Amino acid sequence: MKKLETSLCKINYSESLEDLAEATIPLLNQKIKEFKLFFDITDNEQIVVNYFDNVEKFREFIYSIRGERDSLPKYAEGTYDNGMVNAYVNPEFQLKRLYTASHELFHILYMKYVLNNDYSKRIVWYDEGMAQFMSGEKDSLTDDTFKDFYFYVREKTKIIPQMNSLKHGKSFVNEDYNGYDLSYLSIKYLSEILNDIQFKNLMSDFSKITQLGNNIINKMFSYYDEKL
């Protein structure tokens, strides 16, 4: 593995992923500063990223950390085990995975500074939606492309899931709905109906998140159906 390093982050990467590693440095330098403000972080902790170009090496690395071989979903290509960003990336499409690092970093910081490393407090739809929203991975959606994205998700959602019950695996992504897309749209909806202080404070109000999750998809669909 090769290495790139700044005071804020260290990227360990397979040689074929050098373009991604070099692009990750300025993105993380920016996002780390944004996240420190959002989470009120004063520590100067260096973030570690591990990029693998071989899926089996990636999975073996995660298994070695976890000490078991059952909890990693087959579709998983990124994790935040041991407070590090860990990802398998196909070299041919590596720059399409640029936001993996900032996505997983949100999970890391939310787990540490809000959930206090208590995984039982994690509400998956909220955490996944926030990671997509805050990472910048959907920032390329303009008014027109967001509209197309929304109606695509609307059409592909055959069943409205109980969001608070979603866990990673088949209950999160299946032929009836995509939990990632629904989670992102839910958070974007909340960002539009809440002010900045309410939006920030929500992340530690677990009862409020749960209350919202009971009916958030119907409310989100109604909101964007009317708006768009």
Side-chain angles (χ1 to χ4, degrees), residues 1-55 57-59 61-62 64-66 72 75-117 119 122 124 126-142 168 180-181 183-184 187-188 191 196 199-200 203-204:
M1 299 282 276
K2 298 185 71 177
K3 179 173 71 174
L4 289 174
E5 189 169 4
T6 72
S7 61
L8 294 177
C9 60
K10 179 169 69 173
I11 318 295
N12 301 309
Y13 62 98
S14 302
E15 186 171 2
S16 65
L17 300 174
E18 188 155 8
D19 288 347
L20 175 60
E22 290 180 348
T24 297
I25 291 288
L27 173 65
L28 277 190
N29 282 343
Q30 171 193 341
K31 285 297 176 181
I32 288 170
K33 293 172 184 176
E34 290 178 12
F35 289 169
K36 287 180 74 172
L37 288 173
F38 189 73
F39 289 107
D40 298 320
I41 297 170
T42 56
D43 297 344
N44 293 314
E45 180 181 358
Q46 188 184 52
I47 302 302
V48 177
V49 178
N50 301 301
Y51 285 140
F52 297 84
D53 64 3
N54 181 290
V55 68
K57 288 183 179 179
F58 160 71
R59 296 183 73 85
F61 180 72
I62 302 305
S64 70
I65 292 174
R66 297 184 179 182
L72 189 64
Y75 61 78
E77 295 185 347
T79 79
Y80 51 96
D81 290 71
N82 275 22
M84 302 182 292
V85 175
N86 311 295
Y88 158 69
V89 179
N90 184 327
E92 293 185 25
F93 309 105
Q94 57 187 285
L95 292 181
K96 291 184 178 181
R97 295 290 303 282
L98 175 59
Y99 291 95
T100 294
S102 52
H103 178 111
E104 300 298 339
L105 177 56
F106 181 88
H107 289 317
I108 290 168
L109 299 179
Y110 187 65
M111 178 62 70
K112 181 175 181 179
Y113 291 100
V114 179
L115 303 183
N116 296 314
N117 294 315
Y119 195 86
R122 185 184 187 224
V124 177
Y126 178 81
D127 194 11
E128 288 296 351
M130 285 293 288
Q132 293 174 82
F133 184 80
M134 297 292 292
S135 68
E137 65 193 79
K138 295 287 198 302
D139 286 359
S140 62
L141 291 174
T142 63
H168 281 298
Y180 287 103
D181 292 342
S183 296
Y184 167 73
I187 295 300
K188 181 169 173 56
S191 77
D196 291 346
F199 186 74
K200 180 175 179 175
M203 67 176 167
S204 56

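We number each residue from 1, following the sequence as shown. Everything numeric in this text was worked out from a predicted model, so none of it was measured.
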Side chains of [X] and [Y]: does their closest heavy-atom pair fall under 4.5 Å?
{"X": "I187", "Y": "Q132", "result": "no"}
{"X": "Y110", "Y": "M130", "result": "no"}
{"X": "M203", "Y": "F39", "result": "yes"}
{"X": "V89", "Y": "D53", "result": "no"}
{"X": "L115", "Y": "Y119", "result": "no"}
{"X": "R97", "Y": "E77", "result": "yes"}
{"X": "M84", "Y": "E104", "result": "no"}
{"X": "F35", "Y": "I47", "result": "no"}

[X] side chain to [Y] backbone, donor-acceptor under 3.5 Å:
{"X": "S14", "Y": "S16", "result": "no"}
{"X": "Q94", "Y": "L20", "result": "yes"}
{"X": "S102", "Y": "S135", "result": "yes"}

From [atom1] ([X]) to [atom2] ([Y]), nearest 0.5 Å:
{"X": "I62", "Y": "Y88", "atom1": "CD1", "atom2": "OH", "value": "14.5 Å"}
{"X": "D81", "Y": "F61", "atom1": "CG", "atom2": "CZ", "value": "8.5 Å"}
{"X": "L28", "Y": "L105", "atom1": "CG", "atom2": "CG", "value": "6.0 Å"}
{"X": "H168", "Y": "L72", "atom1": "NE2", "atom2": "CG", "value": "11.0 Å"}
{"X": "F38", "Y": "L109", "atom1": "CZ", "atom2": "CG", "value": "11.0 Å"}
{"X": "F106", "Y": "K31", "atom1": "CZ", "atom2": "NZ", "value": "11.0 Å"}

Closest heavy-atom pair and its distance - [X], [Y]:
{"X": "A101", "Y": "T24", "result": "CB-CG2, 3.9 Å"}
{"X": "L27", "Y": "L98", "result": "CD2-O, 3.5 Å"}
{"X": "T79", "Y": "R66", "result": "CG2-NH2, 4.0 Å"}
{"X": "C9", "Y": "N29", "result": "SG-OD1, 4.0 Å"}
{"X": "P91", "Y": "L17", "result": "CA-CD2, 3.8 Å"}
{"X": "K33", "Y": "L8", "result": "CE-CD1, 4.2 Å"}

Residues in salt bridge (Lys or Arg N to Asp or Glu O under 4.0 Å) with D196, at least two apart? none
Name all residues meeting the salt bridge (Lys or Arg N to Asp or Glu O under 4.0 Å) criterion together with E22; count only those two or more places apart in sequence or in a different chain, and write none if there are none. none
Show your working on side chain to side chain contact (heavy atoms under 4.5 Å, CB included) between M1 and F52 and close with a plain yes or no. CA-CA 9 Å; M1 299 282 276; F52 297 84; 4.3 Å; yes
So, F133 versus Y126, ring centres under 6.0 angstrom or not? no
With no hydrogens and no angle check, just 3.5 Å: does a side-chain donor-acceptor pair link Q46 and K10? no
Evaluate the criterion side chain to side chain contact (heavy atoms under 4.5 Å, CB included) for residue pair Y184 and K188; output intermediate values, then yes/no. CA-CA 6 Å; Y184 167 73; K188 181 169 173 56; 3.5 Å; yes
Give a yes or no on whether a salt bridge exists between K36 and E45, defined as a side-chain N under 4.0 angstrom from a carboxylate O. no
Flag yes if more than 12 heavy atoms outside K57 fall under 6.0 Å of its NZ atom; otherwise flag no. no
Only counting residues at least two apart or in another chain, list the ones meeting side-chain contact (heavy atoms from CB on, under 4.5 Å) with K2. Y13, E15, E18
